[in-house]
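Following: one structure in structure tokens, then a few remarks.
Just the heavy atoms: all of them, side chains too, but no hydrogens, waters or symmetry mates, feed the values below. Positions are given from 1 along the sequence. No experiment lies behind these values; they were computed from the predicted model shown.
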Amino acid sequence: MRLWRCRRFARCASVFLKRKFAIVGRPYVADIYRDQEICDQLIPYDPRGLHAGLSGRERLAAELRAQKFDMALLLQNAFDAAWLAWRARIPERIGYARDARSFLLTKAVPLPRHGEIPAHEKFYYLELLRRAGWLDSAQDETFISLRVSEEKRRSADEFLCESGVRQGALRIAIGAGASYGSAKCWPPPRFAEVANQLQSEADADVILFGTVAEASVSTAISAEMRRLPIDLTGKTAIADLPALLSQCHLFIGNDSGAMHVAAAVGLPVIAVFGPTDPEGTAPVTPRCSIVQQKPYCSPCFLRSCPTDHRCMTAITANMVEAAARPWLSSIQVQRA
């Protein structure tokens, strides 16, 4: 959801501030924003590298202080974000009053009470902007888009073809991992079963996306497929993901960052939800089908399941394939 937060922030800043502004974000987040033309400056915050530990945070605070920013709008909820803005001596610091950080803010915005705003996370950040005086009302957004240049689209298509994707074939992207934890992950054999069905029925090329840490998941999927997929797990940078997904026709995956990127570049998305709640974190697009079974314990929001993972194992391959079918029937594949 970070993409949506900063895009709306950028729009408000351009309307209300008429000033230059910067986005501070983790390096992988900055990579996604880099081509979006929504800010004047991207400042990477690397808490595992250059900005690790207290000395690293002091280093970042000094970098921010040197730029003499007038205001910090803290979309992140953490104490760390408020502390950095305070140490950077930014005179106006706006954020939600939570995580014991109110004393570091010049405008500590009261949190919305339960049921006061709609459940989706986008309204949580819209409400922050409204309460900060940046918006008159928290109007809904029905689609969050990511800009992908024509040059990057061509380059991505060439890379996919070089990796084994056939020109003119239906391209199914699969994101089977989730950095949040294993509880969010639909079992690899189920992904393989859906992939086999789509390969057989639609002669589709199946492309696996993921980070290096998710390689074992992709290996498990590949092992049960009748025709090997194009496995790009760990072979691409996060910055390349929007362009690569823009050259596919359908995305199937767990509740993950890749799911949101796929939706933002316009793909139809089949999103498999288990321990999390689509009412709060479904991708903001009209082109999405949610597949979910809700046992008594869902949503639990746990990173790993302490019992039998029934919220995910109850979802069959046929359910996901049935959700994909209407989207597949509407897809026009440009034949070579």
Side-chain angles (χ1 to χ4, degrees), residues 1-109 121 124-126 128-129 131-134 144 146-147 149 152 179-180 211-213 236-242 257 260-261 264:
M1 298 305 293
R2 291 187 181 94
L3 167 68
W4 181 87
R5 300 176 204 169
C6 288
R7 183 173 292 281
R8 191 56 183 260
F9 168 67
R11 190 179 306 164
C12 293
S14 65
V15 172
F16 293 108
L17 295 182
K18 300 295 185 183
R19 294 176 179 173
K20 291 184 178 180
F21 73 98
I23 292 174
V24 179
R26 303 292 176 92
Y28 65 90
V29 176
D31 283 342
I32 292 290
Y33 295 149
R34 203 165 303 282
D35 294 331
Q36 299 310 304
E37 300 179 355
I38 60 174
C39 67
D40 301 289
Q41 184 182 9
L42 284 166
I43 302 173
Y45 171 29
D46 186 4
R48 295 183 180 178
L50 182 63
H51 304 123
L54 183 59
S55 61
R57 283 163 173 75
E58 284 285 1
R59 183 180 296 110
L60 177 58
E63 293 169 9
L64 298 174
R65 191 182 311 131
Q67 299 204 45
K68 301 186 185 320
F69 288 109
D70 300 300
M71 177 189 296
L73 179 68
L74 306 180
L75 299 173
Q76 191 183 35
N77 293 316
F79 180 91
D80 187 49
W83 185 88
L84 281 168
W86 173 72
R87 286 295 296 153
R89 298 176 191 164
I90 299 174
E92 190 170 357
R93 303 177 298 277
I94 303 168
Y96 274 128
R98 56 174 296 169
D99 291 69
R101 66 185 192 164
S102 294
F103 73 100
L104 295 172
L105 303 174
T106 58
K107 186 169 186 176
V109 176
E121 278 192 10
Y124 179 81
Y125 298 101
L126 277 171
L128 173 61
L129 295 173
R131 294 185 181 197
W134 290 41
I144 298 169
L146 268 173
R147 174 183 172 273
S149 69
K152 290 207 167 184
S179 60
Y180 180 85
T211 65
V212 172
T236 61
I238 291 177
D240 301 324
L241 193 57
H260 288 289
V261 173

Gap separating the CZ atom of Arg26 from the CZ atom of Arg48, nearest 0.5 angstrom: 7.5 Å

Validation row: Thr106, Pro91 side chains within 4.5 angstrom (heavy atoms): no

Run the side-chain contact (heavy atoms from CB on, under 4.5 Å) test on Val261 and Ile238 for me, step by step, so that the C-alpha distance in whole Å, both residues' side-chain angles and the decisive distance to 0.1 Å come before the verdict. CA-CA 10 Å; Val261 173; Ile238 291 177; over 6 Å; no

Using only atom types and a distance under 3.5 Å, with no angle test, would you say the side chain of Arg93 pairs donor to acceptor with the backbone of Ala82? no

State, to 0.1 Å, how close Leu74 and Ala85 come at their nearest heavy-atom pair, and which atoms those are. CD2-CB, 4.3 Å

Any side-chain to backbone donor/acceptor pair from Tyr96 onto Tyr124? Under 3.5 Å, distance only. yes

Gap separating the CD atom of Gln36 from the CD1 atom of Ile23, nearest 0.5 angstrom: 10.0 Å

Give a yes or no answer on whether the side chain of Arg101 reaches the backbone of Asn77 with a donor-acceptor pair at less than 3.5 Å. yes

What distance separates Trp86 CH2 from Phe79 CZ, expressed to the nearest 0.5 Å? 8.5 Å

Of all heavy-atom pairs between Ala22 and Ile43, which one has the smallest distance, and what is that distance? CB-CD1, 4.0 Å

Okay, side chain of Asp40, backbone of Phe21: is any donor-acceptor separation there less than 3.5 Å? yes

Tyr45 vs Val29, side-chain contact (heavy atoms from CB on, under 4.5 Å): CA-CA, chis, key distance, verdict: CA-CA 10 Å; Tyr45 171 29; Val29 176; over 6 Å; no

Tell me every residue that passes side-chain hydrogen bond (donor to acceptor under 3.5 Å, both in side chains) with Asp240, counting only those two or more places apart in sequence or in another chain. none

Between Arg147 and Asp35, is there a donor-acceptor pair closer than 3.5 Å when you use the side chain of the first and the backbone of the second? yes

Here the gap from Leu241 atom CG to His260 atom NE2, rounded to the nearest 0.5 Å, amounts to 12.5 Å

Looking at CG of Leu129 and CG of Leu75, how far apart are the two atoms once the value is rounded to the nearest 0.5 Å? 7.0 Å

Of all heavy-atom pairs between Asp31 and Ala239, which one has the smallest distance, and what is that distance? CB-CB, 3.6 Å

So with a 6.0 Å cut-off around CZ of Arg65, is the heavy-atom count from everything else above 12? yes

Do Asp70 and Glu92 have side chains that get closer than 4.5 Å, going by heavy atoms? no

Strictly distance-based, threshold 3.5 Å: is any side-chain N or O of Arg57 a donor or acceptor partner for the main-chain N or O of Leu84? no

Indicate the atoms forming the closest heavy-atom contact of Ala72 with Ile90, along with that distance. N-CG2, 3.6 Å

All heavy atoms of Phe69 vs all of Leu64, minimum pair found to be CD1-O, 3.6 Å

Assess whether a salt bridge exists between Arg87 and Glu58, defined as any Lys/Arg side-chain N lying under 4.0 Å from an Asp/Glu carboxylate O. yes

Going by the side chain to side chain contact (heavy atoms under 4.5 Å, CB included) test, name the single residue among Leu126, Leu128, Ile94 that passes it with Trp134. Ile94

